Structures are given as structure tokens and as C-alpha cells.
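Below you'll find the structure, written out as C-alpha cells, and then a few comments.
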Protein chains: 2
Amino acid sequence: MPVRRRKKTGKSDRPVTSFISTYENKVDRKGRVSVPAAYRSALGTETYQGVIAYPSLIDGAIEAFGRGMLDELNRRKLDQTLDGGDYTQALVGRSDDGLVETIMAISSELPFDGEGRIILPARLTEHAGITDRATFVGRGTRFQIWAPEVYEKHQLAEVEALRARLSGGGIQ
Amino acid sequence: MPVRRRKKTGKSDRPVTSFISTYENKVDRKGRVSVPAAYRSALGTETYQGVIAYPSLIDGAIEAFGRGMLDELNRRKLDQTLDGGDYTQALVGRSDDGLVETIMAISSELPFDGEGRIILPARLTEHAGITDRATFVGRGTRFQIWAPEVYEKHQLAEVEALRARLSGGGIQ
DNA sequence: TGGAATATCATGGGTAATTATGGGAGTCAA
DNA sequence: TTGACTCCCATAATTACCCATGATATTCCA
């Protein structure tokens with residue numbers, strides 16, 4: 001009887017929380033949006049009830065993930081610098097690509113209310129062009145929040161590019 | 001959770017590891033379809049009881065597979081990007097041409113109910129032209145769901161093309 | 001070995017729980 | 001007071017969960 005066992009890389013042993021599928025929800029007059037229940041349950045094991053969000057550096061969208069992901073980033077980054085003997089980096093917090101630090105700086109913590117909604121800060125909705133509706137897009141380890149019209153166009157292009165690369169047989 | 005019991009026929013004593021054969025099942029008024037028992041048992045070892053599905057980029061059909069495949073895809077990608085210190089990819093998602101990311105966005109997680117059925121989202125049935133009946137087609141590591149009439153034609157064309165190819169260059 | 005008891009499967013339906021959404025009351029600070 | 005925010009409650013629609021049935025298959029045993 002074959003038993004499925006986790007590989008022994010020493011990496012995180014818990015399953016990668018994954019955000020799948022897309023959902024379109026309303027933004028009410030108070031600026032609240034329901035985070036899709038499926039996403040909330042993907043975050044379920046985390047102590048902090050809410051999400052981390054920041055304006056995408058590439059798309060006109062909001063990037064978001066759980067606190068666990070942020071911790072994981074920090075941990076791996078720390079491991080890497082210690083392994084490399086670069087203690088200055090670990091202690092002072094300066095690195096060549098300040099990306100992680102930068103992300104930290106521009107991120108917001110968005111806690112859930114009792115009904116699983118978050119309030120999108122104006123800074124983020126303005127970046128994404130979101131007004132009264134928002135499209136949640138699962139990206140596996142993280143998710144994005146788009147203005148529905150903007151995402152629709154983006155998604156069409158994305159799928160078309162993918163389709164062009166495939167030569168029969170579907171995706172393995 | 002549905003209890004799964006090994007058959008005692010001695011015919012196939014080890015769990016089936018892939019999806020084979022085709023089945024045609026009804027879609028009821030609530031949009032539910034039974035996933036063929038043989039397929040469910042092929043998914044039996046996975047912790048998550050259900051399937052992942054997305055509209056085929058090539059055929060007018062639904063592509064489906066187990067959760068395990070998706071997790072593996074995700075994990076490999078995350079480890080790969082973080083191990084290399086490439087936080088850019090992890091944070092803004094510019095990796096492998098966006099294949100994993102796009103699949104995540106267009107996929108749906110379809111959990112089994114107590115009877116082994118799934119609910120097909122409108123997005124997927126519309127893409128495949130499915131109304132009240134669905135044909136499950138095993139493709140080894142994954143399977144497809146078709147509208148029966150559509151699949152029939154597709155299958156005929158597929159076999160005919162294969163036959164033509166084989167007869168042209170000798171048999172087998 | 002023939003047939004009754006037992007499982008499994010696909011299918012259907014009823015009902016409780018959840019979800020997304022809306023709004024009001026209370027709090028705190030400026 | 002006026003906002004901005006949190007906490008609590010209400011509701012319609014959807015979904016999850018439970019049980020029931022007929023049709024096949026499978027097992028058991030007299």
C-alpha cells in the first residue's frame with residue numbers, strides 16, 4: 001500500500017496554502033469587500049485573521065497574501081543571509097535588492113471583520129482603479145484584487161498568450 | 001467522507017493510479033454530477049476530497065485533475081523561486097511565463113459531496129456546452145468532461161485522424 | 001450451485017448551515 | 001458634532017449535509 005509522505009527537503013512541512021479561481025464581489029458604501037470564503041479557509045490555519053496587501057509593482061492590481069507567507073519570506077531571507085555569513089545584512093536589514101523591505105513598507109494589514117470582509121485603503125483602490133466592485137484572482141500562493149473591467153482585458157490577453165504556446169494535447 | 005473499500009475480486013487489488021475509460025452521467029437540476037467511482041478511487045490517496053477543474057485552452061471541454069498535482073506544482077515553483085533568492089518572482093509573479101498563475105486563476109476547486117458528486121460552475125458548463133448530461137473522459141493523469149454530443153464528434157475525428165496516420169506508414 | 005442477503009453506484013430531494021451583502025448602534029478621536 | 005471605524009444583527013440566495021431509492025453487482029451459505 002503506497003503511503004503518500006512528504007518529501008524530506010527540510011522545507012516547510014505544511015501544505016502550501018493555495019488561492020484558486022476568481023470571484024467578483026461588491027464593494028459597499030463603507031468600502032468593505034467580502035474576501036471569498038475559499039480564500040479565507042485557505043488562510044484558516046494562520047493566527048492573524050486578515051491579509052497583507054500592497055499595490056502590485058507590475059500590474060494595476062492589489063497583491064495580497066496571508067501573514068504566513070510574509071513570515072516565510074522573512075525566514076528564508078534570514079536563512080539565506082546567515083548561510084552566506086552576511087550578518088550585517090541580517091542585523092541592519094540592508095540588502096542589495098531591498099524588495100522584501102520595500103514590500104514591507106508599502107504593505108497594509110487588512111483585518112477581517114466578523115463577516116470576513118476587509119476594508120481596502122484608498123491608496124490601494126486608487127492604484128487598482130477599484131470603485132464599487134472587485135475581482136479576486138487566485139495566484140496559488142497569493143492572490144490579486146482587480147477592477148473587474150481591467151482584469152477582464154488582462155485575463156483575455158493572458159489566456160491568449162498561453163494558448164499560443166500550447167501545441168495540442170492540453171496542459172500536462 | 002465516503003468509505004472506500006477494496007474489492008475482493010483479485011482482479012485489480014492495488015489502487016488505480018490513473019484515469020481511464022469514459023463514462024456518461026446526468027447533471028441534475030442542482031447542477032450536480034457524479035464523478036465516476038473509478039475516478040474517485042484514483043484520487044483516493046489525496047487528502048482533499050475533490051477535483052480541480054478549468055476550461056480547456058484547446059478543446060471545448062473541462063480539464064480536471066486531483067488537488068495533489070496542483071499543490072506539487074505550487075510547491076515546486078515556490079521552492080524554486082525562494083531558494084534562488086528570487087523574491088521578485090515570489091512576490092510579483094513573473095515566472096515560467098505565468099503558466100501556473102494563469103491556471104490558478106481560471107481553475108475552480110470542486111469538492112465532492114457525500115455521494116461523490118461535484119457541482120459544475122456555470123463558467124465551465126458554458127465553455128463546454130454542457131446542460132443535462134456530461135461525458136467523463138480519462139486521459140491518464142487527468143480527465144476531461146465534455147458535452148456528450150460534442151465529445152462524440154470529437155472522438156470520431158480523433159480516431160479517424162489516428163487511423164489515417166497509421167495506415168499511411170504501416171500498422172502500429 | 002442457485003438464490004437470498006448484502007454492497008455499491010448513480011440519482012433525487014429536503015433541510016440546515018454558510019455566504020455575500022446590507023444596515024444600525026456604539027466608540028473613539030479630532 | 002462629524003467622520004471613520006468596529007461590533008452586532010438581518011436577510012436572500014446559495015451551498016453543504018443528510019437520507020431515500022432503484023438498478024447492478026457481489027458475497028455468502030444452505
Side-chain angles (χ1 to χ4, degrees), chain A residues 19-44 48-51 53 64 108-126 130-138 143 145 148, chain B residues 1-13 15-16 19-44 48-51 53 67 108-125 130-138 143 145 148:
Chain A
F19 303 103
I20 302 176
S21 189
T22 80
Y23 305 85
E24 184 181 316
N25 287 342
K26 282 189 181 177
V27 179
D28 70 17
R29 271 185 294 172
K30 297 180 178 179
R32 299 175 297 189
V33 217
S34 284
V35 173
Y39 291 6
R40 298 204 302 270
S41 95
L43 293 165
Y48 170 71
Q49 285 295 311
V51 303
S108 303
E109 281 197 16
L110 310 180
F112 293 141
D113 69 8
E115 283 70 41
R117 292 171 290 199
I118 55 177
I119 295 179
L120 298 174
R123 185 174 56 89
L124 295 179
T125 57
E126 281 162 16
I130 293 171
T131 57
D132 62 334
R133 284 140 66 87
T135 298
F136 289 76
V137 181
F143 63 92
I145 310 174
Chain B
M1 188 181 68
V3 179
R4 207 167 315 287
R5 205 176 303 284
R6 268 273 64 75
K7 285 190 256 178
K8 291 186 180 176
T9 54
K11 227 175 189 180
S12 68
D13 215 32
V16 184
F19 306 106
I20 55 173
S21 186
T22 82
Y23 305 84
E24 183 181 319
N25 287 342
K26 279 191 182 178
V27 179
D28 70 16
R29 270 186 296 173
K30 295 182 178 178
R32 298 177 297 189
V33 218
S34 284
V35 173
Y39 290 7
R40 299 204 303 269
S41 104
L43 292 165
Y48 169 73
Q49 287 293 315
V51 303
R67 177 64 197 256
S108 296
E109 212 167 340
L110 310 180
F112 293 141
D113 69 8
E115 283 69 43
R117 292 170 290 197
I118 55 177
I119 295 180
L120 297 176
R123 212 177 345 186
L124 295 179
T125 57
I130 293 171
T131 56
D132 62 335
R133 279 142 44 97
T135 298
F136 289 75
V137 181
F143 62 90
I145 310 175

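Each chain gets a letter, A, B and so on, in the order its sequence line appears, and its residues count up from 1. Owing to the predicted nature of the structure, the values given are computational and were not obtained by experimental measurement.
Closest-nucleotide positions on DNA chain C for Asn25(B) and Val35(A) were compared, and the one nearer the 5' end corresponds to Asn25(B).
In this structure, Tyr39(B) places its OH atom 15 Å from C1' of dA10(C), rounding to the nearest Å. In this entry the distance linking CD1 of Ile118(B) with C1' of dA10(C) reads 14 Å, nearest Å. Distance, Asp132(A) CG to dA20(C) C1': 15 Å, rounded to whole Å. Distance, Phe112(A) CZ to dC5(D) P: 18 Å, rounded to whole Å. Spacing between atom CZ of Arg40(B) and atom P of dT8(C) amounts to 11 Å, rounded to whole angstrom units. With rounding to whole Å, Ile119(B) atom CD1 is found 16 Å from dT18(C) atom P. If you take OH of Tyr23(A) and P of dT14(D), they are 16 Å apart, rounded to a whole angstrom. The nearest whole Å value for the distance from the CG atom in Leu110(A) to the P atom in dC5(D) is 12 Å.
With hydrogens and angles disregarded, no donor-acceptor distance shorter than 3.5 Å links the side chain of Asn25(A) to the backbone of Val33(A). No donor-acceptor pair closer than 3.5 Å links the side chain of Arg133(A) to the backbone N or O of Glu24(A). The backbone N or O of Gly138(B) lies less than 3.5 Å from no partner atom in the side chain of Tyr23(B), so there is not a single donor-acceptor pair.
Taking each heavy atom of Leu43(B) and Gly50(B) in turn, the nearest pair found is CD1-O, 4.0 Å. Taking each heavy atom of Phe112(B) and Val51(B) in turn, the nearest pair found is CZ-CG1, 4.1 Å.
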B/S/- contact track for nucleotides 22-30 of chain C, protein heavy atom under 4.0 Å: BBB------
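Taking CD1 from Ile119(B) and CG from Asp113(B), the interatomic distance works out to 7.5 Å, rounded to the nearest 0.5 Å.
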